[in-house]
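Here's the structure, in structure tokens; my notes come after.
Just so it is clear, the structure is predicted and the values come from calculations on it, not from any experiment.
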Amino acid sequence: VQLQAFGGGLVQAGGSLRLSCAASGRTFSFYGMGWFRQAPGKEREFVAAISWNGGSTSYADSVKGRFTISRDNAKNTVYLQMNSLKPEDTDVYYCAADRGGYGSSWYNYNYWGQGTLVTVSS
């Protein structure tokens, strides 16, 4: 599975962005998907994850109620809708695919896309 994330950019605090992650390959629907973020010099941080059929989701406490993860298996795409953005949400965001589930531990994910930078100005 090859993943490509896009949709990042510069937004003011309180604004919204939607990230997309397009996957290649016909087995996309078999994978749990996750979004992570990472700042230079810091550990990769879990943001949100979704099960293979979209029936289950999980979120980091820091984004719960503001971010929504969803997927469209017909389009091989997973989304991250980010609302009420805060300066502390500034990071490079990565999407990832997990053959075994949709957990919060980055080391369980098998495939990673390139990052997309989100910058939230105060």
(Q) Starting from L80, can I reach V120 by hopping between I/L/V/M/F/W/Y residues whose side chains sit under 4.5 Å apart? (A) yes
Q.
Minimum heavy-atom separation for A13 and S122, please, with both atom names.
A. CB-CA, 4.3 Å
Q | Taking every non-hydrogen atom, the tightest pair across S84 and D89 | A | O-OD2, 4.4 Å
Q) When you measure from the side chain of N73 to the backbone N and O of W52, does any donor-acceptor pair fall under 3.5 Å? A) yes
**Q.** Derivation of the salt bridge (charged side-chain N to carboxylate O under 4.0 Å, His left out) call for D61 and K64
**A.** CA-CA 5 Å; D61 288 342; K64 203 171 292 183; 3.2 Å; yes
Q: Tell me, with the steps shown, if T68 and Y79 meet side-chain contact (heavy atoms from CB on, under 4.5 Å).
A: CA-CA 8 Å; T68 302; Y79 305 98; over 6 Å; no
Q | Rounded distance [0.5 Å steps], OG in S105 versus CZ in R44 | A | 13.5 Å
Q) What heavy-atom pair brings A22 and F6 nearest, and what distance separates the two atoms? A) CB-CE2, 4.2 Å
Q. In Å, rounded to the nearest 0.5 Å, how long is the span from OG1 of T116 to CZ of R37?
A. 14.0 Å
**Q.** Rounded distance (nearest 0.5 Å) linking atom CZ of F46 with atom OH of Y59
**A.** 9.0 Å
(Q) Is there a path of hydrophobic side-chain contacts, each under 4.5 Å between heavy atoms, that joins V11 and W35? (A) yes
Q: Would you indicate whether W112, at its atom CH2, is surrounded by more than 12 heavy atoms from other residues, nucleotides or ligands within a distance under 6.0 Å?
A: yes
Q: Mind running side-chain contact (heavy atoms from CB on, under 4.5 Å) on M82 and V118 for me, showing each step along the way?
A: CA-CA 10 Å; M82 306 186 294; V118 172; 3.8 Å; yes
Q: State the CG-OG distance between L85 and S16, to the nearest 0.5 angstrom.
A: 6.0 Å
Q | Ring geometry between Y93 and F67 (parallel below 30°, tilted from 30 to 60°, perpendicular above 60°) | A | tilted
**Q.** Cluster overlap Y94 with Y107, hydrophobic side-chain contacts below 4.5 Å
**A.** yes
**Q.** Quiz item: cation-pi between R71 and Y31, 6.0 Å / 45°
**A.** no
Q: State whether the number of non-hydrogen atoms from other residues, nucleotides or ligands found under 6.0 Å of Q2 atom CD is greater than 12.
A: no
Q. Are D91 and K42 close enough for a salt bridge, meaning some N to O gap below 4.0 Å?
A. no
Q: To the nearest 0.5 angstrom, please state how far the CH2 atom of W106 sits from the CD atom of E45.
A: 14.0 Å
Q.
Rounded to the nearest 0.5 Å, what separates atom CZ in F28 from atom NZ in K75?
A. 12.5 Å
**Q.** Closest approach of V92 to G115 (non-hydrogen atoms, all atoms of both residues)
**A.** CG1-CA, 3.5 Å
Q. Are L19 and V78 connected in the hydrophobic side-chain network, where two residues link if heavy atoms are under 4.5 Å apart?
A. yes
Q: Following the transitive rule for hydrophobic clusters with a side-chain heavy-atom cut-off under 4.5 Å over Ile, Leu, Val, Met, Phe, Trp and Tyr, establish whether F30 and I69 coincide in one cluster.
A: yes
Q: Step by step, work out the side-chain contact (heavy atoms from CB on, under 4.5 Å) result for Q114 and Q4.
A: CA-CA 6 Å; Q114 90 292 353; Q4 183 175 7; 3.8 Å; yes
Q: Could you tell me whether the side chain of Y102 and the main chain of A48 form a donor-acceptor pair under 3.5 Å?
A: no
